[in-house]
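Before any comments, here is the structure.
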Amino acid sequence: MIMNETLAVIRQRRSIRRYQPEQISDAERDAILAAGQCAPHAGAPVWHFTAVQNRALLDQLNQAAKAAVRQMGIPGLQPLAENEAYDCLYGAPTLVIVSTDEASPLPPEADCAAAVQNMLLAAQSLGLGSCWIFFVTMAFFSPQGGELREALKIPEGYKPLFSAVFGYPDE
């Protein structure tokens with residue numbers, strides 16, 4: 001079987017669900033975001049990346065996501081939403097939200113997914129842990145959704161689509 005550095009990173013990447021509290025460096029964060037920008041896309045990029053490293057804001061997103069899931073009664077997620085101890089971000093110190101331009105004539109899902117995958121692989125190559133997170137995007141369906149979009153400076157006309165967490169693994 002052929003093996004090289006890139007293929008090794010792909011094979012080694014795992015979803016990490018427990019993190020050390022130490023924040024990743026600005027250089028590591030910037031490298032992850034740059035990798036997302038290098039993802040393939042149809043036409044002009046239709047994404048916007050929001051890096052969140054403020055613990056209070058991360059906790060607010062977790063609580064809002066759980067409230068939205070409880071309110072919407074989503075089967076399968078309900079037990080997690082009702083568990084006060086559940087942290088949908090797994091204690092990670094960095095969250096990246098990928099939002100998409102709602103006015104784009106092209107379907108953005110594949111482009112945004114490719115950007116997230118690039119970020120996950122970049123994190124692995126830097127010795128960081130990562131996990132693709134769906135649950136936290138539910139926060140934008142909560143009563144605080146508009147306030148959160150504003151606090152996070154998500155541009156008008158963009159909707160949060162995907163997210164991932166990053167940090168030093170603690171498992």
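Values reported hereafter were calculated over all heavy atoms of this structure, with side chains retained and with hydrogens, waters and symmetry mates removed. Along the sequence shown, residues are numbered consecutively beginning with 1.
Using a 4.5 Å heavy-atom cutoff, the side chains of Arg13 and Leu121 are in contact. Considering only heavy atoms from C-beta on, Leu80 stays 4.5 Å or farther from Val69 through its side chain.
By the side-chain contact (heavy atoms from CB on, under 4.5 Å) test, Pro155 pairs with His48, Tyr158, sequence neighbours left out. Under the rule for a ring-ring contact (aromatic ring centres under 6.0 Å, His included), the partners of Tyr86 that lie at least two apart in sequence or sit in another chain are Phe135. Take Ala34 and apply the side-chain contact (heavy atoms from CB on, under 4.5 Å) test, not counting sequence neighbours, and it matches no residue. For the side-chain contact (heavy atoms from CB on, under 4.5 Å) test, residues two or more places apart in sequence or in another chain that qualify with Gln63 are Lys66, Glu84. For Asn54, the side-chain contact (heavy atoms from CB on, under 4.5 Å) partners are Ala56, Leu57, not counting sequence neighbours.
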Between Gln144 and Gln60, is a side-chain hydrogen bond (donor to acceptor under 3.5 Å, both in side chains) present by the stated rule, with each step listed? CA-CA 9 Å; Gln144 299 87 16; Gln60 188 178 357; over 6 Å; no
Intermediate values then yes/no, side-chain contact (heavy atoms from CB on, under 4.5 Å), Ile74 and Met138: CA-CA 10 Å; Ile74 300 173; Met138 299 307 297; 3.3 Å; yes
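Of all non-hydrogen atoms in Tyr90 and Cys131, the two that sit nearest each other are CE1-SG, 4.2 Å.
Connection of Leu106 to Val46 is not established within any shared hydrophobic cluster, with ILVMFWY side chains joined at heavy-atom distances below 4.5 Å, either directly or through further cluster members.
The other members of the hydrophobic cluster of Met119, by chain and number, are Ile24, Ile32, Leu33, Trp47, Phe49, Val96, Val98, Val116, Leu120, Leu126, Leu128, Trp132, Leu161, Phe162, Phe166, Tyr168 (side-chain heavy atoms under 4.5 Å, ILVMFWY only).
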